[in-house]
Number of protein chains: 2
Amino acid sequence: MDIVTFPTNADLRLPRYQLIRDDIVRRIADGQWAPEQAIPTEADLCQAYEVSIGTLRKAIDLLVADGVLTRTQGKGTFVRRPRFDSSLFRFFRFKSADGKSVQPTGKVLGRTVLKPSEAIRAALQMKSSEKCIRLSRVRLIDSEPVLREEIWLARHRFEALTTLPLDEFGDLMYPLYERTCRQIVASATETLTVEQATEEDAAALRVDLGSAVIQVQRIAADFAGTPIEWRTTRGAAAGFQYQVDIR
Amino acid sequence: MDIVTFPTNADLRLPRYQLIRDDIVRRIADGQWAPEQAIPTEADLCQAYEVSIGTLRKAIDLLVADGVLTRTQGKGTFVRRPRFDSSLFRFFRFKSADGKSVQPTGKVLGRTVLKPSEAIRAALQMKSSEKCIRLSRVRLIDSEPVLREEIWLARHRFEALTTLPLDEFGDLMYPLYERTCRQIVASATETLTVEQATEEDAAALRVDLGSAVIQVQRIAADFAGTPIEWRTTRGAAAGFQYQVDIR
DNA sequence: CAGTGGTCTAGACCACATC
DNA sequence: ATGTGGTCTAGACCACTGT
């Protein structure tokens with residue numbers, strides 16, 4: 001690796017390990033270092049950044065703690081591919097008819113291109129002239145619908161999804177985003193609330209009208225922290241459980 | 001500080017920073033180093049543990065990340081007093097009549113000494129012959145009940161609470177535990193579920209029978225990780241919101 | 001001013017993975 | 001055997017806090 005000069009907009013009064021941390025994140029967000037690939041060795045990075053091993057390791061420690069990198073002794077340091085498309089299973093415990101826990105399948109029911117509400121436009125940091133792709137989707141276990149989802153994407157990032165046939169979307173959205181649109185989801189913020197089942201919920205999820213439903217609203221972002229997906233998921237509260245550790 | 005010899009049950013093959021981390025936790029759990037007090041300086045600890053500054057700092061970094069210690073440049077390193085008696089407000093957004101968010105008061109309604117269920121006995125790691133103190137409690141805002149709580153404590157740890165008048169328990173339990181029984185809560189695990197309001201819920205919380213209620217079950221532990229309190233809290237789901245960041 | 005934690009160096013040796 | 005990350009050393013100087 002060549003010697004690195006930090007961007008002129010970086011605050012050079014910051015500790016060097018911070019500057020290095022930010023530079024590594026930038027390279028990953030840029031796609032210079034891709035998920036599941038190894039980044040240069042510690043020795044190379046020390047030379048490139050002109051710091052000692054201790055300082056470099058402090059920067060990498062931060063990124064490992066953030067879940068951006070993983071290290072394996074003897075092998076190298078790798079960009080971690082975030083795999084939380086199935087993270088809703090932190091909230092909902094799903095079991096198939098035979099009692100085993102399983103990953104649901106996904107099915108896109110509808111797609112529209114339209115102007116987003118002001119809330120969604122702001123959440124996705126879009127200009128007011130831009131349009132969204134809206135997808136409605138169900139998740140199924142043993143062909144039984146268990147979750148209803150509404151997904152909003154900025155059209156300019158996901159142009160390819162405006163024409164893809166609905167039956168080619170597959171079960172997982174995030175690998176699709178990466179494959180077809182080069183958009184990699186790296187983090188998300190989720191907000192849980194309890195709602196009452198609407199008529200649509202009752203029909204789709206086969207629960208009683210007005211019964212308790214958990215709603216998970218998610219805003220997913222790329223490595224640079226730019227929001228790329230707005231999603232709402234609703235499921236019967238009966239299957240809900242969530243555990244937190246606090247210190 | 002004198003030179004430290006590690007306990008014979010410690011696995012000396014572990015990295016030194018791990019051994020040091022565990023020894024510091026033990027001293028805090030023992031009460032040798034109390035909350036809000038400074039621990040010895042880095043230089044002293046290096047001498048005592050016979051390691052270099054880098055190794056010692058790695059141990060302390062772990063404890064800072066765990067929320068056990070806090071460091072202040074120029075002042076020292078301090079044992080952090082965990083303050084999450086009010087952590088339920090991560091889940092429930094409470095507002096008083098005038099719209100300001102506020103801390104509820106607490107009122108203990110009843111106290112019983114009895115044998116715990118097998119689940120609670122196991123959760124509190126108690127012998128089968130031991131008894132529990134069971135408290136029932138409500139949390140109020142503007143004198144309106146908003147949360148119902150059931151608390152189970154091992155009697156042998158909390159003997160003083162068997163005789164304390166109920167109106168002297170105060171609004172917060174954890175400072176009470178520390179003051180009267182020298183039990184310090186340092187961490188907890190909480191599990192959220194959605195239930196239907198029972199008749200007791202409906203009467204106490206003024207919600208409709210069968211309406212959605214959030215239940216938070218908490219097991220609180222001391223610095224050594226020993227469970228000391230089992231608690232269930234129930235409140236109307238209408239005021240519930242929870243946010244998580246995932247990476 | 002003295003004492004504290006914050007940053008950083010320039011190495012060393014070890015354990016593990018791969019060839 | 002070679003290359004990787006994991007652990008550890010024995011210092012240095014800086015920034016901040018208090019007297």
Side-chain angles (χ1 to χ4, degrees), chain A residues 1 3-6 10-24 27-28 33-80, chain B residues 1 3-6 10-24 27-28 33-80:
Chain A
M1 264 185 74
I3 288 175
V4 172
T5 54
F6 293 104
D11 186 344
L12 296 176
R13 293 169 305 181
L14 287 173
R16 303 235 234 169
Y17 65 83
Q18 270 288 359
L19 296 172
I20 294 171
R21 191 210 105 101
D22 294 345
D23 190 68
I24 293 176
R27 284 167 186 268
I28 295 172
W33 295 336
E36 292 182 7
Q37 293 193 352
I39 69 173
T41 67
E42 295 184 339
D44 283 354
L45 290 171
C46 287
Q47 280 194 18
Y49 290 115
E50 298 184 288
V51 294
S52 72
I53 178 77
T55 303
L56 179 82
R57 289 186 67 90
K58 180 141 188 178
I60 292 182
D61 283 346
L62 292 174
L63 291 166
V64 170
D66 280 354
V68 174
L69 299 178
T70 55
R71 287 190 285 204
T72 313
Q73 181 173 146
K75 296 184 72 175
T77 302
F78 301 82
V79 180
R80 180 161 167 262
Chain B
M1 266 185 74
I3 288 174
V4 172
T5 53
F6 292 105
D11 186 344
L12 297 176
R13 293 169 306 180
L14 287 172
R16 304 237 230 165
Y17 68 82
Q18 270 289 358
L19 297 171
I20 294 171
R21 192 210 105 102
D22 293 346
D23 190 67
I24 292 175
R27 283 167 187 268
I28 294 172
W33 295 336
E36 294 181 8
Q37 292 194 351
I39 69 173
T41 68
E42 295 184 338
D44 283 353
L45 290 170
C46 288
Q47 280 194 19
Y49 291 116
E50 297 183 289
V51 295
S52 72
I53 180 75
T55 303
L56 179 81
R57 288 187 67 90
K58 179 140 188 180
I60 292 182
D61 283 346
L62 292 174
L63 291 166
V64 170
D66 281 354
V68 174
L69 298 177
T70 57
R71 287 190 285 205
T72 314
Q73 182 173 149
K75 296 181 72 173
T77 303
F78 301 82
V79 180
R80 179 159 169 263

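Lettering of chains follows the sequences in order, A, B, ..., and the numbering in each one begins at 1.
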Any side-chain N or O of A:Ser52 below 4.0 angstrom from OP1/OP2 of C:dT9? yes
Can you name the nearest heavy-atom pair linking B:Ile20 to B:Ala59, along with the distance? CG2-CB, 3.7 Å
Counting N and O atoms only, with roles assigned by atom type, does the side chain of B:Arg80 sit under 3.5 Å from a partner on the main chain of B:Thr70, one being a donor and the other an acceptor? no
Quick one: A:Leu14 CG to D:dC14 C1', roughly how many Å, whole number? 15 Å
Answer yes or no: is there an ion pair linking A:Arg21 with A:Asp61, defined by an N-O contact shorter than 4.0 Å? no
Find the distance B:Glu50:CD to D:dT9:C1' and express it as a whole number of Å. 14 Å
Does a nitrogen or oxygen in the side chain of B:Arg57 sit under 4.0 Å from OP1 or OP2 of C:dG6? yes
Could you tell me how far apart A:Ile53 (CD1) and D:dT4 (C1') are, to the nearest whole angstrom? 11 Å
Please state how far atom NZ in B:Lys75 lies from atom P in D:dT19, giving the value in whole angstrom units. 10 Å
Taking only N and O in the side chain of B:Tyr17, is any of them less than 4.0 Å away from OP1 or OP2 of D:dC8? no
Residue mapping more 5' on DNA chain C - nearest nucleotide basis, A:Gly54 or A:Gly74: A:Gly54
Base, sugar-phosphate, or nothing: which does A:Arg16 touch, judged by heavy atoms less than 4.0 Å apart? sugar-phosphate
Could you tell me how far apart B:Leu69 (CG) and C:dG6 (P) are, to the nearest whole angstrom? 11 Å
Could you tell me how far apart B:Leu45 (CG) and C:dG6 (P) are, to the nearest whole angstrom? 13 Å
Contact under 4.0 Å: B:Thr77 side-chain N or O vs C:dT4 OP1/OP2: no
In whole angstroms, how far is the P atom of D:dG5 from the CZ atom of A:Phe78? 8 Å
Between A:Thr72 (side chain only) and A:Lys75 (backbone N and O only), is there a donor and an acceptor less than 3.5 Å apart? no
Take atom CG of B:Asp61 and atom C1' of D:dC8, then tell me their distance rounded to the nearest Å. 15 Å
The single option from B:Thr77, B:Val68, B:Val79 passing side-chain contact (heavy atoms from CB on, under 4.5 Å) against B:Leu63: B:Val68
Is A:Thr72 near enough to D:dG5 that one of its side-chain N or O atoms lies under 4.0 angstrom from OP1 or OP2? no
Among D:dT9, C:dG6, D:dG5, the nucleotide that comes nearest once only the side chain of A:Gln73 is considered: D:dG5
Check whether any side-chain nitrogen or oxygen of B:Arg71 sits under 4.0 Å from OP1 or OP2 of C:dT4, and answer yes or no. no
